Engineer: 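Take this structure first; my questions come after.
Just so we're clear, the structure is a prediction, and the values are computed from it rather than from any experiment.
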Amino acid sequence: MKKTVVYAALAVLAAVAIVSVYSLSSNDAEDTSAYVASIEKERADQQTFMREDPNSPFVLEKKEFNGLSYFPVDARYKVKAKLEPIDNKEVMTLTTSDGSIQSYLPHAHAHFKIDGVACKLLLLEVMQMGPQRGTLFLAFGDATSGQETYGAGRYLAVKKVRGATHIELDFNRAYNPYCAYVDNFSCPFPPKENVLPVAILAGEKQY
């Protein structure tokens with residue numbers, strides 16, 4: 001029986017603000033350096049988790065781990081998106097990698113721009129029973145899917161804040177679902193409307 005996965009045990013974090021050297025203050029440099037260090041530590045921790053933790057898909061399936069790879073961090077892909085609440089919510093289903101379905105409740109649309117291109121992503125609320133119930137789920141595809149990145153899309157951890165009008169989407173933190181590494185997992189595919197018309201050259205690459 002395949003294992004159902006909504007979120008990876010640890011979301012891969014990969015983000016850093018890139019600031020022009022001509023306008024970089026000493027405080028900015030210190031903040032950026034600290035942020036880079038924190039992201040590098042998150043990446044190192046994720047590598048260790050995948051290689052050694054009993055809950056790692058590689059350890060669970062006794063599969064050799066060859067290391068994760070990432071795009072260079074690029075602040076263009078850290079965006080502030082405007083939230084458009086969905087009032088008339090109807091349960092929707094997503095097909096998973098093993099052909100089953102999972103039910104979600106639409107939460108809001110996030111509107112933003114990447115390289116001047118208007119984009120929109122649907123944020124979903126998890127309905128299945130368990131510790132993730134009520135949390136938000138975001139799966140997306142883009143022009144890199146099936147080439148530089150996993151063909152079935154990637155995930156991005158987002159936090160639900162009651163009454164929020166905006167949300168930060170840091171695509172440098174995009175990560176692969178477990179089915180990108182091991183077939184014996186059931187992972188939801190992104191809804192069709194979450195396939196972006198741009199290339200998101202950020203976050204985790206194809207394994």
Side-chain angles (χ1 to χ4, degrees), residues 1-14 46 49-50 53 55-58 60-61 63 68 70 77 81 83-86 88-112 119-160 167-200 202-207:
M1 178 179 295
K2 292 201 172 185
K3 305 173 181 66
T4 299
V5 173
V6 175
Y7 297 104
L10 294 175
V12 177
L13 303 178
Q46 183 71 350
F49 170 84
M50 289 295 189
D53 196 279
N55 293 313
S56 160
F58 295 93
L60 286 169
E61 300 301 318
K63 181 177 179 179
L68 306 178
Y70 306 88
Y77 298 108
L83 288 177
E84 177 191 0
I86 297 175
N88 299 318
K89 300 181 180 181
E90 296 183 2
V91 174
M92 66 177 294
T93 59
L94 296 183
T95 303
T96 69
S97 55
D98 67 347
S100 59
I101 61 172
Q102 289 186 16
S103 297
Y104 296 86
L105 196 63
H107 175 71
H109 285 105
H111 297 267
F112 57 98
C119 299
K120 180 175 73 172
L121 287 174
L122 175 62
L123 308 181
L124 301 173
E125 184 175 319
V126 178
M127 294 184 66
Q128 70 181 46
M129 298 303 295
Q132 299 293 344
R133 183 178 175 85
T135 61
L136 296 183
F137 174 65
L138 174 55
F140 73 95
D142 66 279
T144 71
S145 300
Q147 300 180 59
E148 297 99 325
T149 63
Y150 181 50
R154 292 178 287 169
Y155 294 171
L156 189 62
V158 289
K159 183 178 181 180
K160 183 169 65 174
I167 191 170
E168 181 179 276
L169 301 178
D170 190 347
F171 292 101
N172 290 292
R173 301 186 180 197
Y175 63 96
N176 290 333
Y178 279 1
C179 51
Y181 315 122
V182 180
D183 291 335
N184 196 28
F185 284 87
S186 177
C187 309
F189 294 140
K192 292 181 179 180
E193 60 194 281
N194 277 11
V195 179
L196 298 174
V198 295
I200 303 296
E204 189 176 349
K205 291 184 175 182
Q206 175 81 277
Y207 180 69

Engineer: To the nearest 0.5 Å, what is the distance between CD on Gln128 and CZ on Arg133?
Structural biologist: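 Interatomic distance, Gln128 CD to Arg133 CZ, rounded to 0.5 Å: 9.5 Å.
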
Engineer: Side chains of Ser97 and Phe185: does their closest heavy-atom pair fall under 4.5 Å?
Structural biologist: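 No; the side chains remain at least 4.5 Å from each other.
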
Engineer: Any side-chain heavy atom of Leu196 within less than 4.5 Å of one from Leu121?
Structural biologist: yes

Engineer: Can Tyr150 and Tyr207 be said to form a ring pair (Phe, Tyr, Trp, His ring centres under 6.0 Å), step by step?
Structural biologist: CA-CA 7 Å; Tyr150 181 50; Tyr207 180 69; over 10 Å; no

Engineer: Assess whether side chain to side chain contact (heavy atoms under 4.5 Å, CB included) is satisfied between Leu124 and His107, documenting all intermediate values.
Structural biologist: CA-CA 5 Å; Leu124 301 173; His107 175 71; over 6 Å; no

Engineer: I need the minimum non-hydrogen distance between Pro177 and Gly153, along with the two atoms involved.
Structural biologist: CD-O, 3.6 Å

Engineer: Below 4.5 Å, heavy atoms only, C-beta onward: do Glu204 and Thr149 meet side chain to side chain?
Structural biologist: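 The answer is no; the side chains never approach within 4.5 Å.
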
Engineer: Measuring from Glu90:CD to Leu105:CG, what's the distance to the nearest 0.5 Å?
Structural biologist: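 So the gap between those two atoms works out to 10.0 Å.
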
Engineer: Is there a ring pair (Phe, Tyr, Trp, His ring centres under 6.0 Å) between Phe140 and Phe189? Walk through the geometry before answering.
Structural biologist: CA-CA 8 Å; Phe140 73 95; Phe189 294 140; over 10 Å; no

Engineer: Do you know which two heavy atoms are closest between Ala108 and Pro85, and how far apart they sit?
Structural biologist: CB-CA, 4.0 Å

Engineer: For a side chain to side chain contact (heavy atoms under 4.5 Å, CB included) check, start with the C-alpha distance between Lys160 and Glu125, then their side-chain angles and the critical distance, and finish with the verdict.
Structural biologist: CA-CA 9 Å; Lys160 183 169 65 174; Glu125 184 175 319; 3.5 Å; yes

Engineer: Quick one: closest heavy-atom pair of Ala157 and Tyr175, and the distance?
Structural biologist: N-CE2, 3.9 Å

Engineer: Mind checking whether Asn55 and Met50 have side chains closer than 4.5 Å, heavy atoms only?
Structural biologist: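 No - every pair of side-chain heavy atoms lies 4.5 Å or more apart.
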
Engineer: What pair of heavy atoms forms the shortest contact from Ala152 to Pro190, and how long is it?
Structural biologist: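 Answer, listing the atom of Ala152 first, then Pro190: O-CD, 3.1 Å.
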
Engineer: Measure the spacing between CZ of Arg154 and OG of Ser145 and express it to the nearest 0.5 Å.
Structural biologist: 6.5 Å

Engineer: Between Asn176 and Lys205, is there a donor-acceptor pair closer than 3.5 Å when you use the side chain of the first and the backbone of the second?
Structural biologist: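 Confirmed, Asn176 side chain pairs with Lys205 backbone.
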
Engineer: Check side-chain contact (heavy atoms from CB on, under 4.5 Å) between His109 and all other residues, then give those that pass, not counting sequence neighbours.
Structural biologist: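 His109 satisfies side-chain contact (heavy atoms from CB on, under 4.5 Å) with Glu84, Ile86, His111, Lys120, Leu122, Glu193 only.
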
Engineer: For residues Pro191 and Met92, report the shortest heavy-atom separation together with the two atoms involved.
Structural biologist: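 Heavy atoms of Pro191 and Met92 come nearest at CB-CE, 4.2 Å.
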
Engineer: Between Phe171 and Phe112, does the ring pair (Phe, Tyr, Trp, His ring centres under 6.0 Å) criterion hold? Intermediate values first, please.
Structural biologist: CA-CA 12 Å; Phe171 292 101; Phe112 57 98; 5.7 Å; yes

Engineer: Any non-hydrogen side-chain atom of Leu60 less than 4.5 Å from a side-chain atom of Val182?
Structural biologist: no

Engineer: Whether the Thr96 and Ser186 side chains hold a donor-acceptor pair (N or O, under 3.5 Å, no angle test) is what I'd like checked.
Structural biologist: yes

Engineer: Between atom CG of Asp142 and atom CD of Gln147, what is the distance when rounded to the nearest 0.5 Å?
Structural biologist: 9.5 Å

Engineer: Sequence neighbours left out, what passes salt bridge (charged side-chain N to carboxylate O under 4.0 Å, His left out) with Lys63? Give chain and number order.
Structural biologist: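 For Lys63 there are no salt bridge (charged side-chain N to carboxylate O under 4.0 Å, His left out) partners, ignoring immediate neighbours.
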
Engineer: Would you say Val158 and Leu169 make side-chain contact, with heavy atoms under 4.5 Å?
Structural biologist: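 In short, these two side chains touch, coming nearer than 4.5 Å.
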
Engineer: Do Thr93 and Tyr104 have side-chain heavy atoms sitting under 4.5 Å apart?
Structural biologist: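 The answer is no, as the side chains (C-beta and beyond) never meet within the 4.5 Å cut-off.
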
Engineer: Quick check for you: to the nearest 0.5 Å, what is the distance between Leu68 atom CG and Gln46 atom CD?
Structural biologist: 6.0 Å

Engineer: Got a second to check how far Leu156's CG is from Asp170's CG, nearest 0.5 Å?
Structural biologist: 7.5 Å

Engineer: Could you check if a side-chain atom of Thr95 sits within less than 4.5 angstrom of a side-chain atom of Pro188, using non-hydrogen atoms only?
Structural biologist: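 No - every pair of side-chain heavy atoms lies 4.5 Å or more apart.
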
Engineer: Write down the atom of Cys119, the atom of Pro197, and the distance for their closest heavy-atom approach.
Structural biologist: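 Taking every non-hydrogen atom into account, SG-CD, 4.3 Å.
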
Engineer: I'd like to know whether the aromatic ring centres of Tyr155 and Phe137 sit less than 6.0 Å apart in this structure.
Structural biologist: yes

